[in-house]
Amino acid sequence: MRGPQPAAEHLRYLSSWRALQPICYFYNFPVLGCAQQTEPTAPGWDAVTPDAYASVELETPTEDGSYLAEFLLEKGYEVHGIVRRSSSFNTGRIEHLYKNPQAHTEGNMKLHYGDLTDSTCLVKIINEVKPTEIYNLGAQSHVKISFDLAEYTADVDGVGTLRLLDAIKTCGLINSVKFYQASTSELFGKVQEIPQKETTPFYPRSPYGAAKLYAYWIVVNFREAYNLFAVNGILFNHESPRRGANFVTRKISRSVAKIHLGQLDCFSLGNLDAKRDWGHARDYVEAMWLMLQTDEPEDFVIATGEVHSVREFVEKSFKHIGKTIVWEGKNENEVGRCKETGKIHVTVNHKYYRPTEVDFLQGDCTKAKQKLNWKPRVTFDELVREMVDADVELMRNNPNA
């Protein structure tokens, strides 16, 4: 599948691969960027041709950003990223994409200092790079923490998206940029129908969901008001071994790995009966890219259509290491006890509950299957096993990780 054609004034940004190499600009919050000069070989996809030109904005040090960066680099993109100033490196998930990982030497990965709360820097970077594809994955993305950092979440997740869209407009790139906005199933919150699809009414139940709701509608407004090629990817929960350590699935896989290695006895969770539609992040970044390869901009729900509870995620994680969890008690007094040893490995702590809970999310991705020819590949059981195995290896090598 071909990418967009390069404008003449953009050619000075291109590297030496067959004289023209795709460029990918992607925004990261707090850090992004990845590039490696490789021939575009992605099994199952048509290779990007030498005259393709594209750029991306995404959050690379995070889960989605790292997978998307890898995906784009395999297709021959050059990737630009924005790095928020920090006193320490936070690029662990993308270090393998540096030309020289030990020295953090850039190859086709170009990093720029910036922030979604600083409109001036966004204009400066976009004007310099002149991207043709932008993937905005930047956000304060932890739902529970958004209740504690509500104003900050609104500024970054909501108004930050507006700043980015305005920067595209200010730089005169409305007609040459394709824009992807990382939307979320948290928009549905207190669900109005089951399953949730593109036409389901929104009812967010957190400052994060409310901020993302503004971002969703400002993207739609720019699409309608200025004819910007802009899409919202309403992605349901997607996990992997690269998921942040304070998200529930990764907390479970990390804790189970530590228990397996004798480094931990017990850990605490919140609402065990919350049900989610969990997929693999690697599958979902393909859908992001596909949305920008269509002829007309449209919003898409990306999901597996399967629902599993937090409780089930715990049970399957322990089962993978040979332990059977038996539940005893109710509500905050409930515990998960190992059937084989009698030890309590899981407890419930009210501090992990949200002030307003989202009890059930299930996506209907029929539209994506039909129009993008996309479907999830990794099953729930495969996802759980991959995460636990990765964390067992991580904790075996570094118990303090």
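- A salt bridge links Glu386 with Arg282: the distance from a Lys NZ or Arg NE/NH1/NH2 to an Asp or Glu carboxylate oxygen falls below 4.0 Å.
- The aromatic ring centres of Phe188 and Phe202 sit less than 6.0 Å apart.
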For Leu122 and Leu116, what are the C-alpha separation, side-chain angles and deciding distance, and is it a side chain to side chain contact (heavy atoms under 4.5 Å, CB included)? CA-CA 7 Å; Leu122 297 179; Leu116 272 178; 4.3 Å; yes
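- Within the model, atoms CG of Leu383 and OG of Ser240 stand 8.0 Å from one another, a figure rounded to the nearest 0.5 Å.
- Counting only heavy atoms from C-beta outward, the side chains of Trp278 and Val384 never approach each other to under 4.5 Å.
- For the pair Ser66 (side chain) and Glu63 (backbone), a donor-acceptor distance under 3.5 Å is present.
- In this structure, the separation between CZ on Arg276 and OG on Ser309 is 11.0 Å, given to the nearest 0.5 Å.
- The closest side-chain heavy-atom distance from Cys365 to Phe300 is not below 4.5 Å.
- Taking a cutoff of 4.0 Å between a charged side-chain nitrogen and a carboxylate oxygen, Asp118 and Arg163 do not qualify as a salt bridge.
- With no hydrogens or angles considered, no side-chain donor-acceptor pair links Ser176 and Thr132 at under 3.5 Å.
- Environment of CG in Asn175: sparse, with no more than 12 heavy atoms of neighbouring residues, nucleotides or ligands closer than 6.0 Å.
- Here the closest non-hydrogen pair linking Pro399 and Lys258 is O-NZ, 2.6 Å.
- For the pair Arg337 (side chain) and Val326 (backbone), a donor-acceptor distance under 3.5 Å is absent.
- Under the side chain to side chain contact (heavy atoms under 4.5 Å, CB included) criterion, Tyr214 pairs with Leu162, Ile218, sequence neighbours left out.
- More than 12 heavy atoms of other residues, nucleotides or ligands lie within 6.0 Å of CD in Glu328, so this atom counts as buried by the packing criterion.
- Closest heavy-atom contact between Asn127 and Lys130: O-NZ, 2.7 Å.
- Although no hydrogens or angles enter the test, the distance criterion places no donor-acceptor pair under 3.5 Å between the side chain of Glu334 and the main chain of Gly336.
- Judged by distance alone, with hydrogens and angles left aside, the side-chain atoms of Asn271 form no donor-acceptor pair with the main-chain N or O of Tyr353 at under 3.5 Å.
- No side-chain donor-acceptor contact under 3.5 Å links Asn232 and Gln181.
- When only modelled atom types and interatomic distance are considered, Thr379 and Asp381 share no side-chain donor-acceptor pair under 3.5 Å.
- The environment of Lys319 atom NZ is sparse: at most 12 non-hydrogen atoms of other residues, nucleotides or ligands sit within 6.0 angstrom.
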Should Phe380 and Phe313 be marked as a ring-ring contact (aromatic ring centres under 6.0 Å, His included) after you check the CA-CA gap, both sets of side-chain angles, and the distance that decides it? CA-CA 9 Å; Phe380 178 73; Phe313 202 105; 5.7 Å; yes
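- Taking Tyr352 as the reference, nothing meets the ring pair (Phe, Tyr, Trp, His ring centres under 6.0 Å) condition, with sequence neighbours excluded.
- Side-chain contact, Thr324 with Glu340: a donor N or O sits under 3.5 Å from an acceptor N or O.
- Evaluation of the ring pair (Phe, Tyr, Trp, His ring centres under 6.0 Å) rule for His320 yields no partner, not counting sequence neighbours.
- Residues passing the side chain to side chain donor-acceptor pair (under 3.5 Å) test with Asn237: none are found, sequence neighbours excluded.
- The main-chain N or O of Ala167 is never found under 3.5 Å from a side-chain atom of Thr170 such that the two would form a donor-acceptor pair.
- One distance of note links OG1 of Thr294 with CG of Leu290; it measures 9.0 Å at 0.5 Å rounding.
- Residue Ala245 comes nearest to Arg250 through the heavy atom pair CA-CG, 3.8 Å, listed as atom of the first residue, atom of the second, then distance.
- A donor-acceptor pair shorter than 3.5 Å cannot be found between the side chains of His238 and Asp283.
- When each of Gln196, Lys190, Gln192 is checked for a side-chain contact (heavy atoms from CB on, under 4.5 Å) with Pro201, only Gln192 meets the rule.
- Salt-bridge annotation for Glu198 and Lys367: absent, with no side-chain N of the basic residue lying under 4.0 Å from a carboxylate O of the acidic one.
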Thr184/Leu187 under side chain to side chain contact (heavy atoms under 4.5 Å, CB included): CA gap, chis, key distance, verdict: CA-CA 6 Å; Thr184 171; Leu187 293 178; 4.1 Å; yes
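- For the atom pair CD1 (Ile126) and SG (Cys121), the distance works out to 9.0 Å, reported to the nearest 0.5 Å.
- The shortest distance between side-chain heavy atoms of Asp391 and Pro241 does not fall below 4.5 Å.
- In this structure, Gln370 and Thr366 have side chains that are in contact, with non-hydrogen atoms separated by less than 4.5 Å.
- Atom CG in Leu269 sits 6.0 Å away from atom CG in Leu272 (nearest 0.5 Å).
- For His345, the ring pair (Phe, Tyr, Trp, His ring centres under 6.0 Å) partners are Phe318, not counting sequence neighbours.
- In summary, the side chains of Thr117 and Asp155 do not present any donor paired with an acceptor at a separation below 3.5 Å, with no hydrogens or angles considered.
- Without hydrogens or angle criteria, Lys178 side chain to Leu292 main chain gives a donor-acceptor distance under 3.5 Å.
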Working for side chain to side chain contact (heavy atoms under 4.5 Å, CB included), residues Glu70 and Val285: CA-CA 10 Å; Glu70 288 176 350; Val285 300; over 6 Å; no
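- A donor-acceptor distance shorter than 3.5 angstrom exists from the side chain of Asp277 to the backbone of Gly363, with no hydrogens or angles considered.
- Taking the centre and axis of the six-membered ring of Phe222, the NZ or CZ atom of Lys169 falls outside the cone set by 45° and 6.0 Å.
- Applying the ring pair (Phe, Tyr, Trp, His ring centres under 6.0 Å) rule to Phe360 yields no partners; only residues at least two apart in sequence or on another chain are considered.
- Ser146 places a side-chain N or O within donor-acceptor distance of the main-chain N or O of Tyr208, the cut-off being under 3.5 Å.
- Between the CG atom of Asp157 and the OH atom of Tyr152 there is a distance of 8.5 Å, given to the nearest 0.5 Å.
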For Leu372 and Lys369: C-alpha separation, side-chain torsions, deciding distance, then whether side chain to side chain contact (heavy atoms under 4.5 Å, CB included) applies. CA-CA 6 Å; Leu372 302 179; Lys369 289 180 179 179; over 6 Å; no
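- Under the salt bridge (charged side-chain N to carboxylate O under 4.0 Å, His left out) test applied with Glu186, the options Arg354, Arg205, Lys212 reduce to a single match, Arg354.
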